[in-house]
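Just so it is clear, the structure is predicted and the values come from calculations on it, not from any experiment. Just so it is clear: chains get the letters A, B, ... in the order the sequence lines come, proteins before strands, and each one is counted from 1.
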Amino acid sequence: MTKKSRLCLVDGSSYLYRAFHALPSLTSGDGQPTGAIFGVANMVRRMLEHYEPDYVAVVFDAPGKTFRHETYAEYKATRPPMPDELRSQLEPLHELIDAMGLPRLVIEGVEADDVIATLTRQAREAGRPVLISSGDKDLAQLVADGVVLEDTMQDKQYDPGLVEEKFGVGPELVADLLALTGDSSDNIPGVEKVGPKTAAKWLKQYGNLDGVIEHADEIGGKVGDNLRGGLEQLKLSRELVELEDSVELEGGLEALKRGEPDRERMIALLKRFGFSTWLKQYTDDAGDSAASGDELVVETVTTKRQLDALVEALQSADLIAFDTETTSLEPLDADLVGFSFAVEAGKAWYVPLAHADQDNEFSADEAIEALRGIIEDDDRPKVGQHLKYDLNVLERAGIALGGIEHDTMLESYTYHSSGTRHDMDSLATRYLGRQTTSYETVAGKGKKQVTFDQVPVATAAEYAGEDAEVTLALHQHLWPKLEKLEGPSRVYRELEIPLIPVLARMERTGVALDVDVLAAQSAEIEKRLDELVEAAHAAAGQAFNLGSPKQLQEILFEQLGLPVKRKTPKGQPSTAEDVLQELAVEGHELPNLILEHRGLAKLKNTYTDRLPERIHPRTGRVHTHYHQAVAATGRLSSTDPNLQNIPIRTPEGRRIRKAFVAPPGTVLLAADYSQIELRIMAHLSGDERLLAAFAEGEDIHQATAAEVFGLEIDAVDDNQRRAAKAINFGLMYGMSAWGLSRQLELPRNEAQEYIDRYFDRYTGVRDFMQETRERARKQGYVETLFGRRLWADEIRSRNNQRRQAAERAAINAPMQGTAADIIKRAMIDVDAWIQSGDVPAKLVMQVHDELILEVDEGALESVREGVVDRMQHAAELKVELLVEANSGPDWETAH
DNA sequence: CCAGATGA
DNA sequence: TCATCTGG
């Protein structure tokens, strides 16, 4: 008997939704939305290429109710109706699938899942292997020997073993598990507080759902009560998640034989949708259907001849896409394992350098020397994805990456900073509709993960080659779009790209930390925490975990009966700081103890105990990572550790800055922009009063108080100044009366009065804000002074809260974003100055409006002047940019 | 308002 | 995942 060919079942409906949400909203020339059609069709094409099945079915949900709605009226009740933009793509997609020669099934009264279940059962009975392609995890219950579930968008194939790994139970128990946990997208309730972990544990213990129900009495705790209370619903949920595998279908499996594409219809449809690349394939290579096209050939370079040929090819390229493979995501620990290159679509090279199984004619050093001239050449433009990483890795390997011309991560970020992450996988999906091989599929994951040098060369080459080739494709897609936008492309060329080496250097440099200072503080805090716990337990009359907001709620509001001041978004009584403060003022003892405990525990857990763990064993310093494509406003962010939220506002907190030190012979210089965002607001709004106040060098909060309260400037008291400061602060966050009233502990109407008076006095600011709001609504984005575009994604949301949040963000964005642009310019300039000559200083940190440098003692004055001057002249505004710079042996003193 | 880290 | 707290 010959081996029977595989039946491929595609869950069209699940991919339709996912493609619709994951892909940009494409439209064809005549305005027909085509994004979801494109996504699903591409997915199907990839499946066809990969499996070349003779039997296929693309299955869709039928419109209208199903038998599940009769069982359970609430079924899918929380799901919003299908958006028009998606609905209008359904019929054209069906046409396209028909034209591709693929059997399509839409069966009234049942869902796509049930049709797939039925076909799977029939195929198994006929001894035919099955591949189910779906983004819907419910279908995992169908997996068995000979039945694989593939999630194309995640590039995962679930066999029984992987299902067990993912769900904690085998396929036969997946329906039981889903009944217990519920499925929010179908509005099927589960047992409250039971997640996948608990459900899997129970099912293992009692065999199956019936076992769990039988033994419900034995399960203790709150979840046990929840389980017993929900038994009826549980049985119903079980019925709903079970797939129906006896749907009546005409024609049997033979009806699913794949047909030939209808060329005429295909060409007509592809033209209509404007899918030009696909159309071109169709008209170019008439005979060979959709198969060819995005195939990638990766050449593994192992002989000297190949290496020479590669060098030659790179020498004649206008632009080289480049990627490094390494042993670690942490550049400071990463050893080179290989290089990949691409200079045209469909072709890539991989040069293995340190694979366990490699067998090259040349040594790694010989390969590096052969390529060094090209990699280091400033006149050979390169494009990469997140080149800061490669730059640091190469630096460690003694190679100085030159010619950093383009970075696809930054192209995407400056083109549209929000709405998507900017890692390669996200970009390939979003902009190319391509699903790239994940790192996990080549290197394994969890315990089984190996470092890249252990990955066989053959596997590594496919993966690495794809990275370089996709990077090139992304650049070819993104750059023409970005280049057309004058402002964003300027920000990209003049700020983001030049900043790459500056940040790379700062990360490599790191900052010195005095562990003894932190250890001493940790010990002090620990002692005080013990006292506080004891006192709190005494005050509560029982022991409890002070760090648990849940237990705290119980103690405060139920045991002690204190008044509930506010609720969290989820309806729990809030125990947030301001709430506790209010309770403390009312004379309760416990809230104060809690407040102090929380503050100190945070300090210890986040800073004094953790920072020393971050010291790198080789350098003895702390190396943060600056992220250049995360914050929507253009700011940097910092992680591992975050050095941009080191405490300063309280004395105990500020002490932590004592631990950030300069090594002997050097001092720390901390230079920060004073009131930079308000100054930018003065510039952008052109408000006369605000400009005048800055020009006169007045204390800006005092000046604001004088205006708002109608006083002479010298008559302003501390309280009035504090209120004015809160107003100024609030302004930059798009202030609402609600926010200000909370901040100042004032009634709403009084806060509103302050705001009104402010806008009466500062009419330029008022008009500017109104214009900004309108501009955001009209064009969907606002701009910084340097032309960076900041998109207000939800500005037209019908949800009031979301829309208003987007409006506030849009008002804040030009100021925060311009400040970010300015300090980036300053960093580039200061770094260039330091690198150009004998300036004995290093940039070590950036905290949004502050630069911290490590400076040789002897050169302090000249460096201070040089830094301040460059920061002040990073932009020419209608007001002067004021920079304050101080120095000292540690960050606290320097501030 | 924008971020990141922590603990339950 | 949520609440809380740190910074700007």
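Reading DNA chain B from its 5' end, the first and the last nucleotide to sit under 4.0 Å from a heavy atom of chain A are B/dC1 to B/dA8.
Residue A/Asn645 is classed as a base contact, given a heavy-atom separation below 4.0 Å to a base. Across all strands shown, A/Leu603 has no heavy atoms under 4.0 Å from either base or sugar-phosphate atoms. When heavy atoms are screened at a 4.0 angstrom cut-off, A/Ala819 is found touching no nucleic acid atom at all. Within the nucleic acid shown, A/Ile811 has no heavy atom closer than 4.0 Å to any nucleic acid atom. Across all strands, A/Arg635 comes closer than 4.0 Å to base atoms (heavy-atom distances).
Here A/Arg722 pairs with A/Asn719 under the side chain to side chain donor-acceptor pair (under 3.5 Å) rule; sequence neighbours left out. For A/Arg796, the salt bridge (charged side-chain N to carboxylate O under 4.0 Å, His left out) criterion is met by no residue, not counting sequence neighbours. By the side chain to side chain donor-acceptor pair (under 3.5 Å) test, A/Asp821 is found to be paired with A/Thr784, A/Arg788, residues two or more places apart in sequence or in another chain being considered. A/Asn728 is linked by a side chain to side chain donor-acceptor pair (under 3.5 Å) to A/His701, A/Thr704, counting only residues two or more places apart in sequence or in another chain. Among residues two or more places apart in sequence or in another chain, the salt bridge (charged side-chain N to carboxylate O under 4.0 Å, His left out) test is passed with A/Asp423 by A/Arg421.
The side chain of A/Gln816 approaches C/dG8 more closely than any other nucleotide in the set C/dC5, C/dG8, C/dT6.
Atom CG of A/Asn605 and atom C1' of C/dT6 are 13 Å apart (whole Å). For A/Lys602 and C/dG7, the NZ to P distance is 10 Å, given to the nearest whole Å. Rounding to whole angstrom units, NZ of residue A/Lys725 and C1' of C/dG8 are separated by 13 Å. For the pair A/Leu851 CG and C/dG7 P, the interatomic distance rounds to 19 Å; values are reported in whole Å. When rounded to the nearest whole Å, the span between CZ of A/Arg657 and C1' of C/dG8 equals 10 Å. Taking atom CD1 of residue A/Ile680 and atom P of nucleotide C/dG8, one finds them 16 Å apart after rounding to whole Å. Following rounding to the nearest Å, A/Glu850 (CD) and C/dG7 (P) show an atom-to-atom distance of 13 Å. Distance CG (A/Leu580) to P (C/dA3): 15 Å, rounded to an integer number of Å.
For residues 633-648 of chain A, the set of pairs meeting the salt bridge (Lys or Arg N to Asp or Glu O under 4.0 Å) definition, not counting sequence neighbours, comprises A/Arg614-A/Asp640, A/Arg635-A/Glu677. The ring-ring contact (aromatic ring centres under 6.0 Å, His included) pairs that include a residue from residues 782-803 of chain A are A/His416-A/Trp791, A/Tyr781-A/Trp791, where partners are two or more places apart or lie in different chains.
The side chain to side chain contact (heavy atoms under 4.5 Å, CB included) test with A/Leu636 singles out one residue from A/Val630, A/Leu499, A/Ile823, and that residue is A/Leu499.
The shortest distance between the side-chain N/O atoms of A/Arg649 and the OP1/OP2 oxygens of C/dG7 is below 4.0 Å.
A donor-acceptor pair under 3.5 Å is formed between the side chain of A/Gln521 and the backbone N or O of A/Glu652. Of the possible donor and acceptor atoms, one in the side chain of A/Gln644 sits under 3.5 Å from a partner among the backbone N and O of A/Gln846.
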Kindly express the pairing pattern of DNA chain C in dot-bracket notation, using | wherever a base pairs with another strand and counting only Watson-Crick or G-U pairs under 3.5 Å.
-> ||||||||

